[in-house]
Amino acid sequence: FHAFGIILSDIIEAEAALSSMDKDIAGNLLSNRQKTGNKLKSFKENHIERLKEGKRESIDTSAIHLDLLNDFDRIDYHINNISKAIIGEL
């Protein structure tokens, strides 16, 4: 599940920024927010397309798939707020 890898990478980077209060790492996370959001949106759109095509595996896992993507987006939102706090924007 590619989205998990993206969010896990951001979590690790946020932990590094927070543990050292590193504004550069936090800034990198903030600049990646839009890209991460776009990727998550793309994953949702691709899933919807598979549903429209009637792919059985997508139909069977749709609820959990969309829930996970929404949860990943929420986690990324919190990472963004942590980054802003480190930089002093929050």
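These numbers were taken from a predicted model, which means no experiment stands behind them.
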Short side-chain to backbone donor-acceptor contact, S20 and A16, under 3.5 Å: yes
Salt bridge (charged side-chain N to carboxylate O under 4.0 Å, His left out) evaluation trace for K44 with D67: CA-CA 10 Å; K44 288 178 187 177; D67 282 349; over 6 Å; no
Any donor-acceptor N/O pair, N70 side chain to L66 backbone, under 3.5 Å: yes
Heavy-atom donor-acceptor pair, N32 side chain to N28 backbone, under 3.5 Å: yes
Within-4.5 Å side-chain heavy-atom neighbours: I6 and F43: yes
Check ion pair E57-K55 (N to O, under 4.0 angstrom): no
Single-linkage hydrophobic cluster, 4.5 Å side-chain cutoff, I79 and L90 together: no
Connected via hydrophobic side-chain network under 4.5 Å: Y77 and L69: no
Closest non-hydrogen atom pair between L51 and S62, with its separation: CD1-OG, 3.5 Å
Side-chain H-bond candidate by donor/acceptor type, S58 with H65, under 3.5 Å: no
Whether S19 side chain and E15 backbone form a donor-acceptor pair below 3.5 Å: yes
Approximate separation, where rounding is to 0.5 Å, of D71 CG and I7 CD1: 10.5 Å
Between CG on residue N81 and CG on residue D76, distance to nearest 0.5 Å: 10.0 Å
Interatomic distance, I86 atom CD1 to L29 atom CG [nearest 0.5 angstrom]: 8.0 Å
From NZ (K35) to CG (L40), nearest 0.5 Å: 12.5 Å
Carboxylate-amine/guanidinium proximity below 4.0 Å for K52 and E49: yes
Inter-residue atom distance K41.NZ - Q34.CD, 0.5 Å rounding: 9.0 Å
Gap between atom CD of E13 and atom CG of D22 - 0.5 Å precision: 9.5 Å
For L30, all residues meeting side-chain contact (heavy atoms from CB on, under 4.5 Å), sequence neighbours excluded: N80, S83, K84, I87, E89
Verify same cluster id: M21, I25 (apolar side-chain graph, 4.5 Å): no
